Every structure is written in C-alpha cells, then in structure tokens.
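Quick notes on the structure that follows.
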Number of protein chains: 2
Amino acid sequence: MSAGINTYKIDLRELYFTLFEQFGFGQVAGQAPFDAWGPDEAKAVLEQTYRFAKDVLGPLNASGDREGCRVENGSVITPKGFKDAWKGVYEQGFKSISASPDHGGQGGPMMLSVLVEEILSGANSAFNMYPGLAYGAAELVAECGTPEQKKLYVERMLNGTWGGTMCLTEPQAGSDVGAAKSTARKNADGTYNIRGTKIFISGGDHDLAENVIHLVLARIEGAVPGTKGLSLFIVPKIRVKPDGSLQGPNDVTLGSIEHKMGIRASATCVLNFGENDGCVGELVGGIENVGMSQMFKMMNGARIAVGIQGLALASTAYFNALEYAKDRKQGAPAHKWKDPTAPRAAIIEHADVRRMLLEMKSHVEGIRALLVKLAMHTDKAHQLAGKDDTQAAYHRGQVELLTPLVKSYGSDQSFRLCAQAIQVFGGAGYCQDYPVEQYTRDSKIFSIYEGTNHIQAMDLVGRKMGQAGGAHFQQFMSDVGSFIEAHREHKIYGEAVKQLAAAQEGLMASAMAILGWSQDPAKMTLIPLSANRFLNMMSEVAVGWLLLDAAVIAERVGEKATGDEKAFYEGKRWSALWYARNVLPNVEQAARMMALEDTSSVDISTQAFGAI
Amino acid sequence: MSAGINTYKIDLRELYFTLFEQFGFGQVAGQAPFDAWGPDEAKAVLEQTYRFAKDVLGPLNASGDREGCRVENGSVITPKGFKDAWKGVYEQGFKSISASPDHGGQGGPMMLSVLVEEILSGANSAFNMYPGLAYGAAELVAECGTPEQKKLYVERMLNGTWGGTMCLTEPQAGSDVGAAKSTARKNADGTYNIRGTKIFISGGDHDLAENVIHLVLARIEGAVPGTKGLSLFIVPKIRVKPDGSLQGPNDVTLGSIEHKMGIRASATCVLNFGENDGCVGELVGGIENVGMSQMFKMMNGARIAVGIQGLALASTAYFNALEYAKDRKQGAPAHKWKDPTAPRAAIIEHADVRRMLLEMKSHVEGIRALLVKLAMHTDKAHQLAGKDDTQAAYHRGQVELLTPLVKSYGSDQSFRLCAQAIQVFGGAGYCQDYPVEQYTRDSKIFSIYEGTNHIQAMDLVGRKMGQAGGAHFQQFMSDVGSFIEAHREHKIYGEAVKQLAAAQEGLMASAMAILGWSQDPAKMTLIPLSANRFLNMMSEVAVGWLLLDAAVIAERVGEKATGDEKAFYEGKRWSALWYARNVLPNVEQAARMMALEDTSSVDISTQAFGAI
C-alpha cells in the first residue's frame, strides 16, 4: 500500500482569524517569555506545518489506515512512510514549539502549538499520536522528574530519538485506574522491579524511534489500595545508561495489538512488564505514592490533545464536504426544480446541503475558538505567574474549567460532524474513495480515551465547578455576562445575544440545581445522571458566546474588506447566527429537562432492562 | 476467514409484546386473507427465524465483514458461508411469508414478516440485502408485470433460484433520478436494447443464485426528459427462455465494486448495460414511461426495509451492550465510590451506563412499535380493500405517512444508538472483538440509500402531509389526541401524557407554519430548511405516543405478573417515562426554533463558506 494523494484540507485564514483577530496573539506573544514570537513567526510556522501536512502526513492517512500496524517478531511495524514522517516532524521542529528551551524546545506560546497540532492531527490522526504521546511523556518528566531524569530523558523524547507512552489502563480496571494491580518492588540500587499488564497503550511499541519510554502506574508493595497508593515509574523498553546509550532489553514485551474501528495506523498495545522478573523502572521524581497526580500533568495535556483531534477531523471533514458540494453537480436549482432540462446545480445550491455545511462550519469555528481560548489562558497564566497572582489564578482556573469541555464537546461533535460530512457526500462518502468515512471511524475513539466523556463531565460538575469555592465557574459566567451586557443592543447580533443570555440563565439554573443535589443525599444520584447534559449545555454557552464574539469582531475589522476577505468576514456572521438560532435554544430546554429531576435510569430495576 | 460465533442478540419477548399485546396480531390475523395465521404460528416462525439467525447468519456477520466481497473473472464472489445461508433462507421460507400464494408465497401478514426481517437483518445486515432486494424486485414484477412476466420471474425470484436488484442510480445523477441517461431502443421483437451505466447497485452481481434479474430505469429514445420519460425494464444477467431455462450472457458487465465503510459483505456494484450493444430488456408491464411510479412500488418497500435494518442493528447493539454491562465489573458501586477496597460493581450499576442503556432500550422499543404499526395498517388496508373503502383508505394513508418516519428516524437513531453502544463498552467497543463497531459502520449507510433522509423529509412535508387534503396527517393527529384524552389523568402516566400533549401542540404549530410557508414564495425556502427537523419532531411524537401506549397496556396486562414477566412489564414503564421526560420536551423546543424562521443557511453567500 503506497502513499496516496493528500486529503487534508484547511483554510489557514480561519486559524489566523482565531489566533490574531479574536484572541490577540500579538498581545500574548511579544511579551516574556514569548518575546521571540510575533504574528509573522506564527504564520510562518503554520504555513510550514500545512506544507508538511499536505506533502507528507496527508498522503499517508488513507494508506496508513488500509495497511494498519502489524506485529513481527514481537515488535510493531508501523505503516509504510511513517518512519520518514517521524523524521520530518522532528527535523522541522513541530513538537518543540512550546517546549522549554531548557530541553531544546523553542519556548513558544501554546496558542500557536495547539493550532500546529490541529494541522498535524487533521492530516493524520493516527500518525500524530506517536509523537504526541512522546511529547506528553516528556513534559511530565520535565515537570516531575529528578534533575538526572530530566537530563537523561526529556530532550531525547522531545527530539524524536525516543518515543514515549502513558501506561494506566489494566484489563480488569479500565476507567477505574485505582484498581490497578501492577506492582513495584524496590531493588537495592534504588530502582524498582515492575510487574503487570497494561492494555490500550497507544504507541506502546513501534519502529519509529530507537527506544520507547513508558510511564507506568504501579503500586509499591505495601502501599494503600486505590489511586492514593499508585506510584509512577519510568520504564524504558530498552534499558539506558546514564549517558543515554542503550543497554539491552528491559523485559517489556508486546502482548498483542488491537484491531480497531479506526486510528488503525496507531498501534494500540497490550504490554507485559516483568514477565521474566527483569523489568526495571525508576520512580518519577523519586517520590512514592504520588503517581496519580503526576500522571494528571500528562493527562490534562492528553485531554486537550483529544479535543484537538476532534476539532482537526471535524474541520478537514468540513472542508472536504465543502469542496465536494461546490464541485458535484446534481439536481435542478431550487427555483427550477420542476424543470428537468435546467442545467444541474452544484449541490451546495441545495438548502439542506447548505444547512449541513453551515452547521459544520459553525461548530468547527466555535470549538477552535474554545481551544485557542484555553491555550491563551495557559499562556497568560504562565506569563503572569509570580507577577500577578490573582490574574494568574484566574487564567489557571479557566484552563481547569475548559479542559473537560474541549475534550468532550470537541470529541462528541467531531464524530457527529464527520458523519454529517458523509451525509453531504451521499453514497460516495460511504466509500473509501473519500476520506470522510475514515474520519468518522477515527473520531469515534475520541469520546472514550483519556477519560470517557462521562468522566470529563463528572470532572466538571464534581471537581472543576467547585474549585476555589466556585470562583472559576463564576468568573466564566461573569465573562459571558460582560459580553452580553456590552452587545445586548447590537444592531445585527442583539437578538442572538439575547438567545445567549437565555441560555446562560438556563445554565446558571442548572448549576444551582446541581449544587442543591450535592447537598441532598436523596438527590445525589441526579448528578451523574445529569453531568453529560450539563457539560454539553456549558459547552454550547461557551461556543455560542465565542462565535458571537468572533462575529462582533469580524463586523468591526471586516467593515472595509473586499473580495475574499469580505466573504470571509461575512462567514463569521452566519456561523454565529446559525448557532444562536439552532443550538443555543437547546440550552434553555436542557435546563427545563434537568429541572424535571428524572431518575428513571436508576429507578428501573436491573432485571427490567431485559432478559439477556 | 471462517465463520465465528454468533453475536446477534434479541429478547423475543419484546417482539411478542409489540405484535400480540400492543398491536393485536390476533385480531388482524385470524381473518381473511390471513386466517391461517394465529399467534402460535407467528411465534413458531419467529423462533425458527431466531434459531437460523443464531446458528447461521450471526456467525457469518463478522467474518463476512472482514473477508468482504471480491471480483474474480468479472464476477462477484461473496464471503465464505453466504451460499449456504442463501440456501437456508429459502429452504426455510423466510422470504415468502407475506408473498402471495399465487407465486408460491405463504400469504401471511406483514406484521409478522417485518419482525422476521428484523431478526435476519439484525443477525447479518449485509447478507440479508441479497434476498431482500430479490424479494422487492419480485414483488414489483408481481404487481406491475405482464402475466407472462409474472409467470416467468416472480416465483423464481421468491424461491431463491434467481436474485434481483433495483437499478436507478447513475454516476452523474445520484439522488436526481430523473437525470438518468440510460437508454432503451425498441427491437423488432418487442424487446428493448438497453445501454447505460448504473452505480451503487446493491447485490448487482453475486454467486448466490444462478441468475440475477435487474430492474433497470432507462429512457426510451424520444421520451421526455426527467422522471416522466423513464421506463422500467427487466434485464436478466443471463438471458432466459420462456420456460425459465438459461440462454447465455446478456451483455451486463460488472464494472467494479465499492470499498465501503460498512455492509462490506454486500456487493455494491457498478454495472454496465449494453457495452457491446447486446443487452436485451423487457418493458415491465408492457407500458412505456411509467417506470418511476413502478419503481416506487419497490422503493416504498425498500424504505421500510431500511427502517427495519436500522431498528435491527440498534436492537442487537442494545442487547450486546446490556449483556456486557451486566458482565463487566469495573469501579466501586455508587454508594461506596470512595472505598477502593469495596468489591467492584458491574458497570450496569453506574448511573451513566444505565442512562445510556435506557435511552437505547426506549428508542429501540418505540421504533419497533412504529414499524409494527405501519405493518398493521398495511395488513388492515389489504383486508378492508373492497369491504370498507373509508377504513381501507385511512389505513393506506397511515402507511404513506409513516413510511418516511420509519426510514429516517429508524436510520438516524440506529447510527446514533450503535455508536452509543460503543460508548457503553468503552475502549473494548472500539475493537473488532465485539460487534458494536461493525454495527456502527454498517448503519451509517441507512440514512443515505433508498432516498437520503432529507428526501424522506421532503416526501413527508412536500407530499405525504398534503395527501388527501391533509387527511392522513389529521387522522394521525386525531389518533394521538384520542390517546391523550383517554390517559391525561392516568395515575402513573398523567404527567408524561401531558408532555406528549405539549409535544403534539408543538408539532401542530410547526405543521401550520409549513403550510403557511408553502403559500408564500418569499418563505418557501424555509420548507427544505426545516423538513428534517419536522420529520424528527413527528417521529418523536409518534414514538413517544406508542411508548406510552405500550406502557399503559403493560400496566394493565402486567398487573398480576411475577418474576421475569413482572420485570418485563416494568421495563415498558421506564421506556415510556424516560422518553417522555428526555425526548418529548425537545419537540416543543424544535417548534420554537422553527418559529424563528432562520434562513441563515441560504442567506450566507456560497463564497462565505470558505476559500476551498
């Protein structure tokens, strides 16, 4: 299976608008520690990434899917072309943009790197998981490791010499990480002897780098049960000497790889540690029983990365559908639909095709805005740390709060919108001649891995909402409120802003309801029953707000635009209005449904579900 | 690739309830022309079908998907085991249940045959398309053919000697059937010389029967453009003599087969007719230019069949998810969630898993009720024809009205619920070890073929709603209204019935809005923009009503039930209440959104969609 033609499509103008015009990249960058980064640098990086996506990653997307991974002599062989792609990613520095210069990184803002990731994931989601996980693992060691660990591992994992993984899931435990049975026994030299089996390990083995560094959660003998007794270990596939040279195998064996619906070019591995009692690991940071909180450093990044994957596929699905809808001629134009001799119209002229496309466009742009906003808060928190603690805490709080939204809403909508892209194509979209069926298959995993979307929803309602005495959520609501106050009488968007206000009221009522339930043991069960709905409502308020914010900006800056630019700014208007009229009203309705306090799902007896 | 284990799951008790307790099969059957059919016969057939599904079709579902179809020497080779399955289907008579005794059929009610089809499709959707299309084509010839055509073709297509297809779609035309370019030229002997290319022909070639009879839409030279100039032809793959013996090839060649996201074991063919000017066809019924209306005889059945496919996969996805949720232990029980030493609970004990399962259960049962209701109306129309024309017209009208709902709502929900089944399984569901990822891939086509769901929605609002001066829709609303009046004060369901009443009001308001738009050229465009939403609203009202109807019945007949039966009837209660509280309120909201008369999708300029 040789590489095909590129199917990744994006209009970089969209990224520039969100980055520069909506979220003021120029104000964030240009200041320490990002003073080397201005809009010109950002544009150059995005253009360079897009070239690489078109030339290298995109053409490997379908071929990687068809070929898949395979196991030979106990090792994973990745699809043809992936080795060169890996080399290219690191040679061009795509994975070091926001890494610290201490480890050879470029120290750039996350606002930029999330969009670089969007392009890489959009072009080839399965491939990008290998360097993506190496990056996440490297960042964890950079943050939590001992000085020796940082020196030995981080730069090599950031420059592609070594890969990396996160090893949480076990066969019997799944999402219940605290039930992990993997064990660690301390050796005389301070290292640990690791034993256990981990499953669903993305990139758990591959042939792209000379080594793979696993970060493994295990329980040191005698530690307490549950997540509080877990420690995190660096477990290289091949043992390494202090100078970074390789020593020989570390008793980490590949059990098997999964045959999956999608992301088939990403090796999902069963890994056995210490089958022959010869697996050596180092304790991350030298501290026992803090593995779970260490792992969360990586997991938060991974969750954002999943949101990016979702956005990325939904976006390229949209642009593929758009291109097809402009090219494909079928049916009579609406005003001549009874005339069989009328020249056939491009399907984008049909109202329902336009509806599907605008729904996609609107969601994609809103989710991208939410992502860049999250990244902007990360960058500002970083900049303001130690300078303005109140402001830094505000920004950190928004990052915490928005992470589950980006992950869950980004992934749920991705799958739905990729499937909608198939619908735009019709029967052709169901065939492998076009990429949208693969996007749909690939995107289904996003709602599951790195914490299912229900885990995200519980993280939101059970943890993030209450953080800092509820301050993060209140600040979010206050930001939305300020926008509403400022634009309630806007000549074009006034009505839509009122829809946003009504949605926000619904969201607030539901937040209060959840607060009430949390203080009433008899109603506690309503919280998990309503968590997904609440996360969705809050995401819709956030996305509706940001789309309107974009539209107001576009109205202002686009006033004198002409030609393509005029059309571009016009597009922002309809993205916002469509969402305000077709999605925001659902929030009010969802609030009313939450107020019904329906407990049927727990009232029904297990037997009544059926005799299977 | 050998056959695997059966993964098809159903609780026949569900089918018995819908058939016997909710829709009074005993009253429909037992009377001419169905007097040979009572509940015992129906049960025996369903049990027999289920045995065949478990023993033969189910084990071929995954293996058929993995192996797919292939082309050898210009012919399609179906997956291993399909030939025996084909033989079994016909030996056991599953395809002749509701066919006329005139052609060797059993003359049974459609209420039964739709459930037989549910089982066959649920066990193996891809396989069941081959005999399903043969059946549809046979029925068309039985209804529209000349006496000679009926004698020559119908019985052979009903007993598996020959297969059958419907050939509408052409490369340049897609859903725009009237743009077909295939031609027919009359020969001296009264036959026609056929030329043209058809695409997306399901079962267009296969090795299961000795011949395949194509029904081909083509334009006789000189006929008018558009659908009104199309005629329908019987075009056998191999020419046949009047006695049914085979004569030799008919210049129908297989261009290629598609590589698809799902239903991979169903051969989707490009067929070339008359490449060497040697393709002979007979005009169906001997009448020119009525091909489109003849084809609709088959298409209506095919649309219902797609709804059945949707129901079938959603149902087996539900039961697979249910079984997994009962077996799989993970996480602490809710009341001990902070205790890591507590024994692990089955995941069905987790609130969000129950929510997903009840959502699936509720939709599956409601859609099945809608389907059986449609079949009941068909059977009654058949029984009352010539006896009570008013009643017969009422029943026929409901069949017309409900067909697009069964097709569209059944298919949209199927894909969504199959994907939800993956979510219940978590990562395991994304792997091919379980059938739910295949169900999801298979079900995506249902919203596209046999008329996209938008075409169904336009059929509903542009045709069916206005039929008989709107009488069909008014009768539907009146039936819903009678139920509401009778049960508004029901001690258990009163609140839910009020939700139904509010939903019905919303539906009526939207119907009135559409009527208004249809009389105002300036607002006409709102009709295609709102058609899908309206179809969905009406489906939700219908399903909500039928679930409540089922619950009221279950309350009455289940009063003295014990054990499994008690649990079964309890399940009906929660299916209805869940839907009333979590879906019906959306109808009101959708009505409010329709009243906003949003035209953003047509107001946006094509350029503003983006520079691709």
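The shown structure was predicted, so the numbers you read here are calculated from the model rather than taken from an experiment. Note that these values count all heavy atoms, side chains included, but never hydrogens, waters or copies made by symmetry. Chain identifiers are assigned alphabetically (A, B, ...) following the order of the sequence lines, protein sequences preceding nucleic acid strands; residue numbering begins at 1 within each chain.
One side chain, B:T606 or A:R354, offers a donor N or O that lies under 3.5 Å from an acceptor on the other. Side-chain atoms of B:R344 and A:Q172 form no donor-acceptor pair, as typed in the model, at a separation below 3.5 Å. Between the side chains of A:Q423 and B:T452, no donor-acceptor pair of N or O atoms lies under 3.5 Å.
Within the 3.5 Å criterion, the main-chain N or O of A:G262 finds a donor-acceptor partner in the side chain of B:Y430.
Using a 4.5 Å cut-off between heavy atoms, A:R328 contacts chain B through its side chain alone, with no backbone atom that close. Neither the backbone nor the side chain of A:Y569 comes within less than 4.5 Å of any heavy atom of chain B. For B:K228, no part sits under 4.5 Å from any heavy atom of chain A, backbone or side chain. Using a 4.5 Å cut-off between heavy atoms, A:Q499 touches chain B through its side chain atoms alone. Only the backbone of A:A173 comes within less than 4.5 Å of a heavy atom in chain B; its side chain stays farther off. Within the 4.5 angstrom heavy-atom criterion, no atom of A:K572 approaches chain B. Proximity to chain B (any heavy atom under 4.5 Å) is shown, for A:I199, by neither the backbone nor the side chain.
The closest side-chain heavy-atom distance from A:R573 to B:I604 is not below 4.5 Å. At least one side-chain heavy atom of B:M593 sits under 4.5 Å from a side-chain heavy atom of A:N586. With a 4.5 Å cut-off on side-chain heavy atoms, A:R533 and B:N582 count as touching. A 4.5 Å side-chain heavy-atom check between B:N532 and A:R355 finds at least one atom pair inside the cut-off.
Chosen from B:S605, B:S530, B:S601, B:G610, the residue pairing most often with chain A at heavy-atom distances under 4.5 Å is B:S601. The choice from B:Y449, B:Y318, B:F568 that makes the most heavy-atom pairs within less than 4.5 Å of chain A is B:Y318. Taking A:D352, A:I448, A:L358 one by one and counting their heavy-atom pairs under 4.5 Å with chain B, the maximum is reached by A:D352. When A:D433, A:D176, A:L529 are compared by the number of non-hydrogen pairs under 4.5 Å with chain B, A:D176 comes out ahead. Of the residues considered (A:D11, A:I263, A:D603), A:D603 shows the highest number of contacts with chain B, using heavy-atom pairs under 4.5 Å. The residue among A:A351, A:A325, A:G226 with the most heavy atom pairs within less than 4.5 Å of chain B is A:A351. Chosen from B:E349, B:Q432, B:E323, the residue pairing most often with chain A at heavy-atom distances under 4.5 Å is B:Q432. Note: A:Q330 leads A:E437, A:Q607, A:H259, A:Q330 in heavy-atom pairs under 4.5 Å with chain B. In terms of heavy-atom pairs under 4.5 angstrom with chain B, the leader among A:I348, A:I445, A:L322, A:L577 is A:I445.
The two residues A:I612 and B:K9 come nearest to each other via the heavy atoms CD1-CB, 4.2 Å. When all heavy atoms of A:K444 and B:A419 are compared, the pair lying nearest together is CE-O, 3.5 Å. What you find for A:F200 and B:A428 is that their closest heavy atoms are CZ-N, 3.6 Å. The minimum heavy-atom distance linking A:P225 with B:T341 is given by the pair CG-CG2, 3.6 Å. Shortest non-hydrogen contact noted between A:T599 and B:R581 is N-NH1, 4.4 Å.
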* Walk me through it: do B:R592 and A:Q589 pass the test side chain to side chain contact (heavy atoms under 4.5 Å, CB included)? => CA-CA 11 Å; B:R592 278 190 283 268; A:Q589 188 57 27; 3.2 Å; yes
* Verdict with reasoning, A:F415 to B:I422, per side chain to side chain contact (heavy atoms under 4.5 Å, CB included) -> CA-CA 12 Å; A:F415 177 67; B:I422 296 180; over 6 Å; no
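No more than 12 heavy atoms of other residues, nucleotides or ligands lie within 6.0 Å of NZ in B:K566, so this atom counts as exposed by the packing criterion.
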